[in-house]
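One-based numbering along the sequence shown.
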Amino acid sequence: MIRPVLVVCQGYISPSMRHKQRGKIQMVRGVQENLVSMALINWIAAAFLLISSTFIAFPGTKAIGVNYGMLGNNLPTPAQVVALYKSNNIDKLRLYNPDSSALQALQGSGIQVILGTLNEDLQMLASSPSFATNWVATNVAPYAESVNFSYITAGNEVIPGTQANYVYPAIQNLDSALQAANFSIPVTTSVSTEVLGVSYPPSQGAFSQNATSIMSPIVSYLASKQSPLLVNVYPYFAYSGDPQNVKLDYALFTAQGVVVQDGSLGYKNLFDAIVDSLYSALEKTGQPNLDVVVSETGWPSGGGANGATIENAKIYNNNVIAHVNGETGTPKRPGKSIETYLFAMFNENQKPEGTEQNFGLFHPDMTQVYPVDFSS
């Protein structure tokens, strides 16, 4: 019997180093506002690179987006990044923190944006309604007319943990602040699969004892607002942590038949099994109809760890896209498309060395790491 080992990321810094990376999120500075000529040069450079390179084709992206991580000192400017998204018809983006230069670049782009809070701001967002009001006034109000915010996420992967108790009141305060400012933007949070105490078989999925008391009021609140729960799903870490029992073809969507039979439901890939285990956990908390958004999934193309190769990364991400865009859903919820965000846009050199620096679809020079077909 295959038991997925669900190891995923802390914040957006590290899928495999949840308890090791607790530092402040580093941000990449954008072009200085007063250097107009430099901004023009950046736009011209972006256009040149986009015209002269072989691009990934993204027509009809449907439910697929891409995470925009900024932990690198050699990344393109936000203006260039937005141009890269648009040139490839990527119309969904997740931004982990309210970086002003990125938000400015996204104005008028038409890209749907998931905007996150810093994890270190959760305590103040939870305890101070005025802090939440100021957060909205600073990070949402100036951009709301020209940036298409799809969700605001209060924290990333802090449940379970020392900051877990801040998430629910932070969601409430942010929601109240947004409503007071007349913004209809759903507020939610993003969790890792560490919230699950049982994940195998998928029908037995349940929140852990430590997570249940935190998750129950959150998912009830989300259901009352018809807002989704965001979850980061990494079959790669299940495979790399237990390759004897978690087979590579099951993790890569390449198994030729059912690998796990769970009652009347058969699973051919681990992605669906993980998502359905979360659906089962939601059912056990009385929320069988709550929607789930996969806010991160990906596969490293290098770094020396088990299974971290360009070929595997190419296979996984292409198959995720085909699966999600095919609108087949999961065995538990067939035919229901799952909004999914690939991790991540770029290889980022300020992450820990190894696989952490190799999750990108693009190199920092905006050339592709491997071909990805978003037209599936």
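Looking at Gln261, its side chain does come within 3.5 Å of a backbone N or O of Gly263 through a donor-acceptor pair. Here the side chain of Asp175 pairs no donor or acceptor atom with the backbone of Ile171 at under 3.5 angstrom. Of the possible donor and acceptor atoms, one in the side chain of Lys284 sits under 3.5 Å from a partner among the backbone N and O of Gly205. A donor-acceptor pair under 3.5 Å is formed between the side chain of Thr340 and the backbone N or O of Ile338. Although no hydrogens or angles enter the test, the distance criterion places no donor-acceptor pair under 3.5 Å between the side chain of Lys351 and the main chain of Leu71. Side-chain N or O atoms of Thr133 include one that pairs as donor or acceptor with a backbone N or O of Pro129 at under 3.5 Å. Of the possible donor and acceptor atoms, one in the side chain of Gln163 sits under 3.5 Å from a partner among the backbone N and O of Asn119. Asn358 places no side-chain N or O within donor-acceptor distance of the main-chain N or O of Pro300, the cut-off being under 3.5 Å. Without hydrogens or angle criteria, Ser240 side chain to Asn306 main chain gives no donor-acceptor distance under 3.5 Å. Of the possible donor and acceptor atoms, none in the side chain of Thr330 sits under 3.5 Å from a partner among the backbone N and O of Asp272.
Residues Leu270 and Val275 are members of one and the same hydrophobic cluster, defined by side-chain heavy-atom contacts under 4.5 angstrom among Ile, Leu, Val, Met, Phe, Trp and Tyr. Linking Ile, Leu, Val, Met, Phe, Trp and Tyr residues whenever their side-chain heavy atoms come within less than 4.5 Å leaves Phe207 and Leu230 in two separate clusters.
Shown here for Ser337 and Glu327, the closest heavy-atom pair between the two residues is CB-CG, 3.9 Å. Nearest heavy atom pair, residue Phe149 against residue Ile185, reads CB-CD1, 3.8 Å. Across every non-hydrogen atom of Gly155 and Thr117, the tightest pair is N-OG1, 3.1 Å. Taking both residues in full, the closest heavy atoms of Glu296 and Asn156 are given as OE2-ND2, 3.9 Å, listed atom of the first, atom of the second, then distance. Of all heavy-atom pairs spanning Pro334 and Pro331, the tightest one is CD-O, 3.5 Å. Closest of all the heavy-atom pairs between Leu252 and Ile315 is O-CG2, 3.9 Å.
Put simply, the side chain of Gln112 reaches to within 4.5 Å of the side chain of Asn148, judged on heavy atoms. A 4.5 Å side-chain heavy-atom check between Thr193 and Leu278 finds every atom pair outside the cut-off. Using a 4.5 Å heavy-atom threshold, the side chains of Phe131 and Gln123 count as separate. In this structure the side chain of Asn67 never reaches within 4.5 angstrom of the side chain of Phe359, judged on heavy atoms. Using a 4.5 Å heavy-atom cutoff, the side chains of Leu103 and Leu115 are in contact. Looking at heavy atoms from C-beta onward, Met215 lies in side-chain contact with Val191 at the 4.5 angstrom threshold. Looking only at side-chain heavy atoms (C-beta outward), Val113 and Tyr143 stay at 4.5 Å or farther from each other. Annotation: side chain of Phe346 is in contact with side chain of Leu84 (closest heavy-atom distance under 4.5 Å).
To the nearest 0.5 Å, the span separating CZ on Phe253 from CD1 on Ile321 amounts to 10.5 Å. From Asn289, atom CG reaches atom OH of Tyr279 across 11.0 Å, with rounding to the nearest 0.5 Å. Atoms NE2 and CG, from His363 and Leu75 in turn, are 13.0 Å apart once rounded to the nearest 0.5 Å. A distance of 10.5 Å separates OG1 in Thr297 from CZ in Phe343, rounded to the nearest 0.5 Å. In this structure, Tyr96 OH and Leu118 CG are separated by 13.5 Å, a value rounded to the nearest 0.5 Å. Note that CG of Asp291 and CG of Leu222 are 10.5 Å apart. Values are rounded to the nearest 0.5 Å.
Using a cut-off of 4.0 Å between Lys/Arg side-chain N and Asp/Glu carboxylate O, Lys92 and Glu339 are scored as not salt-bridged.
Partner of Tyr316 under the ring pair (Phe, Tyr, Trp, His ring centres under 6.0 Å) criterion, chosen from Trp299, Tyr234, Phe271, Tyr239: Trp299.
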Task: CA sep, side-chain torsions, deciding dist, call: Asn210, Ser208, side-chain hydrogen bond (donor to acceptor under 3.5 Å, both in side chains) - done: CA-CA 5 Å; Asn210 290 337; Ser208 69; 5.4 Å; no
- [ ] Step by step, work out the side-chain hydrogen bond (donor to acceptor under 3.5 Å, both in side chains) result for Ser146 and Gln107.
- [x] CA-CA 5 Å; Ser146 54; Gln107 290 180 305; 3.2 Å; yes
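Glu145 is linked by a salt bridge (Lys or Arg N to Asp or Glu O under 4.0 Å) to nothing, counting only residues two or more places apart in sequence or in another chain.
Remark: the Asn73 side chain and the Asn349 side chain contain an N/O donor-acceptor pair separated by less than 3.5 Å. In the model, Ser190 has a side-chain atom that pairs as donor or acceptor with a side-chain atom of Ser295 under 3.5 Å.
The ring of Tyr168 has its center closer than 6.0 angstrom to the ring center of Tyr221.
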